[in-house]
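Throughout, protein chains are lettered first and strands after them, A, B, ... in sequence-line order, and every chain is numbered starting at 1.
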Protein chains: 2
Amino acid sequence: MPIPSLPAASFSPLYQQIKAMILASLQAAEWLPGSSIPSEMELAARYLVSQGTVRKAIDELAAENLLVRRQGKGTFVATHQEDEWQYRFLRLEPDTGEKFLLVNRFLACEQMKSTSTIAKLLKLKAGDPVIQIDRIQSFNGKPIVFEEIWLSATRFKGLSLDKLNEWSGPMYAFYESQYGTHMVRAEEQIKAINANQELATHLELPLGHALLLVDRVAFTYGNKPVEIRHARYNTSQQHYVNKLN
Amino acid sequence: MPIPSLPAASFSPLYQQIKAMILASLQAAEWLPGSSIPSEMELAARYLVSQGTVRKAIDELAAENLLVRRQGKGTFVATHQEDEWQYRFLRLEPDTGEKFLLVNRFLACEQMKSTSTIAKLLKLKAGDPVIQIDRIQSFNGKPIVFEEIWLSATRFKGLSLDKLNEWSGPMYAFYESQYGTHMVRAEEQIKAINANQELATHLELPLGHALLLVDRVAFTYGNKPVEIRHARYNTSQQHYVNKLN
DNA sequence: CAGTGGTCTAGACCACTTC
DNA sequence: AAGTGGTCTAGACCACTGC
């Protein structure tokens, strides 16, 4: 009699299973961004494991910036609405090092059928409805960023220029408070391009001026892509920073 | 009698002290890149703490990519000479996703007096001797990267064009094997620029073509800056990738 | 089979926050 | 003082590697 081959998923530590259960609770919005989750002891009792095992699960989620630990207070669900996290994904900063206060101006917010490229990135079907937002961000009165943003129209139902204009603050805080969608991570691809006529006009630069092109896909819980950005930065007075570890 | 004010450094966990001691051993080259450090039990005995405390110290060093754990084998000092780590700091990749094989061509390697900018970044005194290297990297015969590199001439004594040309492989593996200098992390600042005549010639592009300008400072143990790079990437067929967490 | 890192537990105590 | 996360220990057992 042949010996059965080994199972594919050979081994999963307890703390990984706990981590998955906590993640599921986050995804199911059982605990909302900004609020505290049960204490380590409570979770240990709920899952019938020791505190140390819960600890290790939470440690990893905190390392991934999904949870935030605060000694003496508790463990909290990460939120883009905290001051510290407002510009967590913004890597642009002034060459001078001064504080960077970007002012928003929305140019458009329209529903359209997704192109095949957008659909693929958002894991939708080509032609599914998406919302396109155009915006310019300025610093000290100078336009610095021009970007187009795409969102699934079903997830962000009813999003309009008016709603955007009522909001003052970062987009990710907006998504979170208005649509219950918390961004967990993002991936960017960066190129240098020459400004065409449209970009030159928007960013008040000569035709052909070099710009940073930043393509971003942002993900919510469960590695679900929910936002596409196609941004151009004027980097004459500011730069993109990155730390390599 | 007045109560003495609180000490400035109020509290330092044991595992942080252990971590500092391991770091000191790395910096002192007691254990070399690629070799294994003593087992957790041995270190626990040496420092008179429990295995768990050593574990936590090593966990953090592994998270910072200074050490690499291998179950069943031991814990090893990170090295740029392993295949996996060869291009740890290279964030450029082809749009097509194919494998990126860059070919080196060194244009110059000359000693000079450091400018004040270079000196400040390398934490040297202005005028201290540095070595400047110019190189071009090509992919499929096309020049993609032109960069200037500066190193302290005292740390990299005797570095010459001949030595560079004898070497085939990444620079950081070269620094490590030839000068005992292991790079731990790096910081980059990125801008978009228009190619001037010199860059256009080197990268075989029309004048004014947009290029990615990447300024890098690389650090060895103890946050000591030891290498400056001033690189320009042609990003028409490739892009810079970044993950935001 | 011995040695390594990886997991899990139980319990003690510390540091910080809040009441 | 009570409750939270943070540190530290000791010991058991598991998974992986190499002899």
Exercise. Look at Thr53(B) and dT9(D) and indicate whether a side-chain polar atom (N or O) is within less than 4.0 Å of OP1 or OP2.
Key: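 Result: yes.
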
Quiz prompt | Distance below 4.0 Å between Ser39(A) side-chain N/O and dG3(D) OP1 or OP2 | solution =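 Answer is no, no contact under 4.0 Å.
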
Exercise. Kindly say whether the aromatic ring centers of Tyr175(B) and His80(B) come within a distance under 6.0 Å.
Key: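 Here the rings of His80(B) and Tyr175(B) have centres that are no less than 6.0 Å from each other.
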
Quiz item: Is Arg229(A) positioned over the aromatic face of Tyr172(A), cation under 6.0 angstrom from the ring centre and no more than 45 degrees off axis?
Solution: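 The answer is yes, since Arg229(A) meets both limits relative to Tyr172(A).
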
Quiz item: Is the Lys NZ or Arg CZ of Arg70(B) less than 6.0 Å from the centre of Phe76(B)'s six-membered ring, within 45° of the axis?
Solution: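 Yes, Arg70(B) lies over the aromatic ring of Phe76(B).
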
Self-check item: Sole residue of Asn242(A), Val214(A), Leu212(A) in side chain to side chain contact (heavy atoms under 4.5 Å, CB included) with Tyr240(B)
Solution: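 When side chain to side chain contact (heavy atoms under 4.5 Å, CB included) is applied between Tyr240(B) and each of Asn242(A), Val214(A), Leu212(A), only Asn242(A) qualifies.
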
Given atom [atom1] of [X] and atom [atom2] of [N], what is their separation to the nearest angstrom?
X: Lys73(A); N: dG6(D); atom1: NZ; atom2: P; answer: 13 Å
X: Gln71(B); N: dC16(D); atom1: CD; atom2: P; answer: 6 Å
X: Arg55(A); N: dC8(D); atom1: CZ; atom2: C1'; answer: 11 Å
X: Met41(A); N: dA12(C); atom1: CE; atom2: C1'; answer: 12 Å
X: Tyr15(A); N: dC14(D); atom1: OH; atom2: P; answer: 17 Å
X: Gln17(A); N: dC8(C); atom1: CD; atom2: C1'; answer: 12 Å
X: Asp59(B); N: dT7(D); atom1: CG; atom2: P; answer: 12 Å
X: Gln51(B); N: dC13(D); atom1: CD; atom2: C1'; answer: 12 Å

Quiz item: Is the side chain of Gln137(A) donor-acceptor paired with the backbone N or O of Leu102(A) at a distance under 3.5 Å, no angle test?
Solution: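 The answer is no, because no donor-acceptor pair under 3.5 Å joins these two groups.
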
Quiz prompt | Comparing Glu42(B) and Val54(A) on DNA chain C - which has the more 5′ nearest nucleotide | solution =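 Its nearest nucleotide being more 5', the pick is Glu42(B).
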
Quick one: which of [options] gets closest to the side chain of [X]?
X: Lys56(B); options: dT9(C), dT7(D), dG5(D); value: dT7(D)
X: Phe11(B); options: dG5(D), dG6(C), dA15(C); value: dA15(C)
X: Pro13(B); options: dC8(C), dC8(D), dG5(C); value: dC8(D)
X: Ser50(B); options: dC8(D), dG6(C), dA15(D); value: dC8(D)

Practice problem: Under 4.0 Å between any heavy atoms, over every strand shown, what does Arg70(A) touch: base, sugar-phosphate, or nothing? Just pick one. | Solution: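 Sugar-phosphate contact only.
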
